[in-house]
K.L.:
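Below you'll find the structure I mean.
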Amino acid sequence: MIKLSPSILASNMLHLENELKIFTKMNVPYIHIDIMDGLFVPNFSFGTAAVQSLRKATDLVLDVHLMVYDPIKNIKIFCESGADIISFHFEATNNPNKAIDYIKRYGKKACITINPSTMEEAVFPYLDRVDQVLVMGVIPGFGGQGLIPSTLKKLSNLRNYIDKNNYNVDIEIDGGILPENVRSVLDAGANVIVGGSSIYKGYRLEENIKVLYDIFREYEKDESGSHL
Ligand code: DX5
Ligand code: ZN
């Protein structure tokens, strides 16, 4: 099943409560929350207070993307703040297994993330232990960038490896996803779609989500047909 994860990095903070209502009404399953430390990426965004407030306000799955160095130090506070999925960057730690152990110790879903410059093979050894792998389609830190074309090959290599080994791992794509290219990332094997600018464009959230849902529906229809 294809899942949409709107990235509130693009949100209007003053209207977040109303945005949450729209996501709930539209049956959006995940909310993508970007955490930046100003070091791993040259920007700042949300912290634990934001995750805590969102946790109080919604039952939707909080998909927390840690763009921070030394994620192991920070996993506990984000788990306790109410995250459901914790994504850490492969590049930000020298001990991915320990990061996965920590996330699981708190009963949360573990996701390993790779930057555009990291080869997908680097995370193959961890795919039997995680719930999700996140592939960055852009250099992390900012919304509104264009999808890097080599991401597609990366997604399909991951999809093949996951399917070949019968792993139950979602593939999330983050960065540069638009209605014009979402089909190509689905074709390549992604099944969790992060949308920042595509969802907030013109601040027409409902309409933009509908556009993406129509594409998902169409894709799933074609997919089920192709197996007949
Ligand atoms: C970028 C963030 C993304 C960002 C995506 O570093 O991780 O979640 O919000 O924004 P778009 O969809 O605009 O590329
Ligand atoms: Zn993100």
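Every number for a ligand or one of its atoms is a count from 1 in the order of the listing. Since the model is a prediction, treat every value here as computed from it, not as a measurement.
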K.L.:
Please evaluate residues L54 and L20 with respect to the criterion side chain to side chain contact (heavy atoms under 4.5 Å, CB included), reporting the C-alpha separation (whole Å), side-chain torsions for both, the decisive distance (0.1 Å), and the verdict.
P.N.:
CA-CA 9 Å; L54 285 159; L20 277 182; 3.8 Å; yes
K.L.:
For ligand 1 and G195, I'd like to know whether there is a polar contact (N/O to N/O, distance under 3.5 Å).
P.N.:
no
K.L.:
If the contact criterion is a heavy-atom separation under 4.0 Å, does A10 count as touching ligand 1?
P.N.:
no
K.L.:
Just wondering, are more than 12 heavy atoms of other shown residues or ligands nearer than 6.0 Å to NZ in K104?
P.N.:
yes
K.L.:
Looking only at side-chain N and O atoms, does H65 offer a donor or acceptor that is under 3.5 Å from a partner on D63?
P.N.:
no
K.L.:
Once rounded to 10 degrees, what value does the angle at the Zn ion (ligand 2) take between NE2 (H32) and ND1 (H65)?
P.N.:
100°
K.L.:
Just verifying a value: how many Å separate L127 CG and N168 CG, rounded to the nearest 0.5 Å?
P.N.:
12.0 Å
K.L.:
What atoms in ligand 1 come closer than 4.0 Å to a heavy atom of M67?
P.N.:
6 (O), 7 (O)
K.L.:
Give the numbers and elements of all ligand 1 atoms closer than 4.0 Å to a heavy atom of P140.
P.N.:
6 (O)
K.L.:
Within the 4.0 Å heavy-atom shell around H32, which atoms of ligand 1 are there?
P.N.:
8 (O)
K.L.:
Heavy atoms only: which of G143, S197, G196 is nearest to atom 13 (O) of ligand 1?
P.N.:
S197
K.L.:
Run the salt bridge (Lys or Arg N to Asp or Glu O under 4.0 Å) test on E206 and K25 for me, step by step, so that the C-alpha distance in whole Å, both residues' side-chain angles and the decisive distance to 0.1 Å come before the verdict.
P.N.:
CA-CA 9 Å; E206 275 199 54; K25 181 179 144 204; 2.9 Å; yes
K.L.:
Could you tell me, atom by atom, which parts of ligand 1 come under 4.0 Å of a heavy atom of G141?
P.N.:
1 (C), 6 (O)
K.L.:
Is atom CD1 of I77 surrounded by more than 12 heavy atoms (other residues, nucleotides or ligands) closer than 6.0 Å?
P.N.:
yes
K.L.:
What atoms of ligand 1 come closer than 4.0 angstrom to any heavy atom of D174?
P.N.:
2 (C), 3 (C), 4 (C), 5 (C), 7 (O), 8 (O)
K.L.:
Looking at Y126, I'd like to know if the NZ or CZ of R129 sits under 6.0 Å from its six-membered ring centre while staying within 45 degrees of the ring's axis.
P.N.:
no
K.L.:
Specify the protein heavy atom at minimum distance from atom 1 (C) of ligand 1: its residue, its atom name, and the distance to 0.1 Å.
P.N.:
F142 O, 3.6 Å
K.L.:
Quick one about S7 and D34 (side-chain donor to acceptor, distance below 3.5 Å, no hydrogens or angles considered), yes or no?
P.N.:
yes
K.L.:
When you measure from the side chain of E19 to the backbone N and O of S11, does any donor-acceptor pair fall under 3.5 Å?
P.N.:
no
K.L.:
Within a distance under 4.0 Å of any heavy atom of G144, pick out the atoms of ligand 1 and give their elements.
P.N.:
11 (P), 13 (O), 14 (O)
K.L.:
For S7, counting its heavy atoms only, list the atoms of ligand 1 lying under 4.0 Å from any of them.
P.N.:
4 (C), 8 (O), 9 (O)
K.L.:
Short list, please: which atoms of ligand 1 are under 4.0 Å from a heavy atom of H65?
P.N.:
7 (O)
